[in-house]
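Some notes on the structure that comes next.
The first residue of the sequence shown is numbered 1, and numbering continues consecutively from there. Every number for a ligand or one of its atoms is a count from 1 in the order of the listing.
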Amino acid sequence: MPTKLLQIGLLAPQPGQKQFGAPEFSVEGRPYRLPMWVVNGSTDGPTLVVTGGVHAAEYASIAAALELGRSLDPNTLRGRAIVVPVVNLPAFPARSIYVCPLDGRNLNRVFPGDPNGSASEQIAAWVFRHVIAQADYYVDLHGGDLIEALVPFTIFFRSGHDRVDQVSLEMAKAFGIPYLVSSETPGSTFSAATRAGIPSILTESGGQGIWTREDVALHTNGLDRLMRHLNMIPGQAPAPVPCTLLERFLWLRSEHEGFWYPAVAVGERVAIGQDLGRVTDCEGHVLQTAVSPADGHVLFIVSSLAINRTDPLLAVGA
Ligand SMILES: [Zn+2]
């Protein structure tokens, strides 16, 4: 019999049961009902937490979280799972890029949140305390946003806590996406969780509002591989995938409002000093040249012609 059972609000499945529901909490005094699956397996094991839709227009990741929640079999699950397909609920119908429409903030920059802060900070605080903090292992599913193209990659954070960092790296390898990036994004889900001692990864697949079968499958196959790696579901440990480990995640941002002309493609190998693209004004005068800060690989590119000051342009993994 399991020694520990998950309960979130009124969701309290028995061992060998899965429940779907939407626990309610308050955000800026209004009810916020967050749909999720809570699964208590029939035998004891670890707790896996999977979130999607922290960025609510990264559809391949949301489609994958929905598939996982719908398909998880509580009878064969060893351990426990929580699956939240769309954390940033108001941003989903709004098709909002990057931010939560309630306060205009990027939810993946405010974790572990603040119960007395702005709407995004309040959402993050509840999700961190009631969902993510339950995890022995945590996966946050992402992808390129509506205006981002990317080559799939998995991010983990070296927090300085050796055991946690080692397990995060093993999770990233088990997930099976070939590019692995070591990075801290302050205020992100996985950085906050890693700091709290929970081995965590953030996976990126899909983008530009498109969610092909292949994009979704990278996430769902990765979750299947990870759960076999953790011995949470039946099946053999996954075969290792050759991977490229990138120790730096270098973002370039626009210094101007204008028109963005990338000169490279996602996945392309680039050299330090290479011209990666230009921001121009209406007449074509170059306002800014994006110069590669290192030898590496282009991991994502903003595909929007319209660019705002401080917007990301692209990122190089080195
Ligand atoms: Zn994202």
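Salt bridge E257/R309: absent, no basic N to carboxylate O contact under 4.0 Å.
Backbone or side-chain N, O or S atoms of E204 do not reach the Zn ion (ligand 1) at under 2.8 Å.
The structure places CD of Q19 at 11.0 Å from CG of L6, a figure rounded to the nearest 0.5 Å.
A perpendicular orientation is assigned to the rings of W251 and F249, their planes being inclined by more than 60° (bins at 30° and 60°). In this pair, F175 and H219 present their aromatic rings perpendicular. The plane angle is above 60°, beyond the 30 to 60° band.
Looking only at N/O/S atoms, H55 comes nearest to the Zn ion (ligand 1) through ND1.
Rounding to the nearest 10°, we obtain 140° for the angle at the Zn ion (ligand 1) between H142 ND1 and E58 OE2.
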